[in-house]
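No hydrogens, no waters, no symmetry mates; every other heavy atom, side chains included, goes into these values. Just so it is clear: chains get the letters A, B, ... in the order the sequence lines come, proteins before strands, and each one is counted from 1.
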Amino acid sequence: MQRILRGGGTGNPPAALGVIYAMETLPLNLLNGISFAMILFLMASGFTLIFGAMGILNMSHGAIYILGGYVGLTVVSHGGNFLLAVLVAAICAGFFGLILEKVFLSRLHGLLNEQVLLTLGIVYILENLFLWIWGPTAKIGTTPDIVSGSVNVGGFIFPMYRLVLIGIGAAVAIGLWWFYEKTRAGAIVRAGIDDKETTVALGINYPLVSTLVFSLGASLCGFAGFVGAPVIAIYYAKSFQVLLLAVIVVVVGGVGSMSGALLGAILIGLIDSLGRAYFPDFTYFIIYLAMIVTLLVKPAGLLGRER
Amino acid sequence: MRMVNPDIGRQAWHKQLARYAPYIMVGLLLSIVPGFMPAYLQSIMTKIIIYGILAMGLQLLWGYTGLFSIGHAAYFGAAAYTAAILTVNYGIESFWFAAVAGILVAGLIAAFFGVVALRASRVYFMLITLALGELLYSVALKWRTMTGGSDGLVGIPYPDLGLPWLTMNSGSLYYLVFVAFGIIAFLLYRLVNSPFGHILEGIRENEARMRALGYNTWMHKYIGFVVGGLIAGAGGVLLGYYSGIVVPSHVGIKTSVLAMLMVILGGERSFLGPLLGAVIIVLLEYFTSLYTPQRWPLVLGSVFVLSVMFLRGGITIYLSRLWKRMLLTWKL
């Protein structure tokens, strides 16, 4: 295929070759897109959960992602297995979120600008600590042996871990949906979003709920960091990049909406992967372009509601 | 008026001097002292003023209009790149040409970004300005042929003002920057104390009410946004000449965050606050680079956290209270 594309004189018009190339590689790129979308969803869902439930824009979200990645990779490098590492990463990230909320953010209740500034400062601190503790080299996660390698699906060869990622993302999405819609805890969170005063008046300890929701969002993020480590390398200076991806997903899909995060993640994941494959010169800009177009058409995001 | 107090003219003169005294003192300090400083100190002062200009541009949006723009350095860096590209890539020697071009580019970008960002409510506005700033950052990073990519543009010479009797060194560069700052500060002062400026403050306090009063709030915000971008652009043009190099991070969030910190530290409601914030941050950075350069982000982040938690309103609040108390004891 490469030879045909590079060399000339076979008589085939280039457009047809382009289409053939696209068709051949489409399934792989779609798969990459969807699995990347799942990582994006895991990243963005924590961000949008925290914003939707508490009105906090957590700029340190990217840093928490990287934190989860580093912690998980450290567990693995000390001989822990994958599942243990996932658990430890999620718990550490959740714990960090807990402290962040209890010590700092709870005192800045309702002050959006201050919360943004504070969490930005936290990113600087965390990034420097990452550099201090884990050094300047980027670390790529290794996938556990049972899910390494490739799988043959309908004549196409896929890396198995990507399929696993899709599965994980779907499972988390379903889990979050179930929690949100079907459990009492989820009902409390929804009630708090809709009408905080009444919820408190009904005897719900709302500060506790806030802290727990924040920790949940943070641990989801740390989980994403480690689970996505084989795909997105963990590097101390990447916090803003990760945050930016979450922001774009959430802006496109709609802030404060879980389904918006999912939709946004799928769109951005696909656009990014397909863009990378077929328009490699524009990789960086394509998702920004998508964001600008979405904003010009629907300023609150595709599934968003003005808060 | 005359029947109320016949001495009111004379008292007002006293009061006016007292009110402007801080500005006068700062102006005198900044114009006289650096003339006697060694070159490296002059260089630090230059850096302070350049970032002070950027911070004042941000303050117009943030402190006066209530628009929390997270990606303000985009206009700063864009102007810096424009001036640098013209000077280095195209060999344009005239400072004036490069400066005007840089500021214009910054203004155009602000004009475009403003249209996209101002459609949005508060939260979205923040996120969008962040993303747009990063968009420009990735342009700077990827457009190697124009911008030199991650290496940036190097070898920017001292500005050529076209005045044959003037040799450019760190001292004259400082005065160029200081004069620019003086002009910008003066214009900005007139702007924020004009009806337009008061409308912006009204929008910050309660936009719905302003709209009910019949003001076209979007247009006011938009103009404020573009002017803020132009000011940042002016600072950016000077940045290239000062540091001799322009890199993508000058466009990105790292620089935006520096500007934000300067505004908070100095006090977002006070006119000279951003300059004071710039003084603190640049000096802090200088001293940190002497002792623990690798820990600078840690120091910066901690200052951020501490000032958000404890210094709401900025240092100038305390300074102005002190000043007012002094005035009271002197019965001015």
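- Closest approach of A:Asn113 to B:Trp62, counting heavy atoms only: ND2-NE1, 3.8 Å.
- The shortest non-hydrogen separation linking A:Leu244 to B:Ala131 is CD1-CA, 4.0 Å.
- Proximity to chain B (any heavy atom under 4.5 Å) is shown, for A:Leu117, by both the backbone and the side chain.
- A:Val251 touches chain B through backbone and side chain together, each having a heavy atom under 4.5 Å away.
- Heavy-atom distances place no part of A:Leu289 under 4.5 Å from chain B, backbone and side chain included.
- Put simply, the side chain of A:Arg107 does not reach to within 4.5 Å of the side chain of B:Val308, judged on heavy atoms.
- The part of B:Ile70 that comes within reach of chain A is its side chain, from C-beta onward, which places non-hydrogen atoms under 4.5 angstrom from that chain.
- Proximity to chain B (any heavy atom under 4.5 Å) is restricted, for A:Leu57, to the side chain, taken from C-beta onward.
- Residue B:Leu306: no heavy atom, backbone or side chain, is found under 4.5 Å from chain A.
- The environment of NZ in B:Lys142 is sparse: at most 12 heavy-atom neighbours from other residues, nucleotides or ligands sit within 6.0 Å.
- Looking at A:Val123 and B:Val257, their side chains never come closer than 4.5 Å, going by heavy atoms from C-beta outward.
- Only the backbone of A:Val103 has a heavy atom closer than 4.5 Å to any heavy atom of chain B.
- For CH2 of B:Trp143, the number of neighbouring non-hydrogen atoms (other residues, nucleotides, ligands) closer than 6.0 Å is 12 at most.
- Proximity to chain A involves both the backbone and the side chain of B:Arg295, based on heavy atoms less than 4.5 angstrom apart.
- With chain A as the partner, the residue from B:Glu134, B:Gln294, B:Met260 showing the most heavy-atom pairs under 4.5 Å is B:Glu134.
- Note: B:Leu135 leads B:Leu135, B:Leu127, B:Leu130 in heavy-atom pairs under 4.5 Å with chain A.
- Interface remark: A:Glu127 contributes side-chain atoms only to the contact with chain B (heavy atom separation under 4.5 Å).
- Contacts between A:Val116 and chain B at a heavy-atom distance below 4.5 Å involve the side chain alone, from C-beta outward.
- When the candidates B:Leu261, B:Leu141, B:Leu132, B:Ile128 are compared by the number of heavy-atom contacts under 4.5 Å with chain A, B:Ile128 comes out ahead.
- Both the backbone and the side chain of A:Leu295 come within contact range of chain B, with heavy atoms under 4.5 Å apart.
- Other residues, nucleotides and ligands contribute at most 12 non-hydrogen atoms within 6.0 Å of the CZ atom of B:Arg209.
- A heavy-atom distance below 4.5 Å is not found between the side chains of B:Ile264 and A:Glu114.
- Between A:Tyr124 and the choices B:Leu300, B:Val299, B:Val303, the side-chain contact (heavy atoms from CB on, under 4.5 Å) rule is met once, by B:Leu300.
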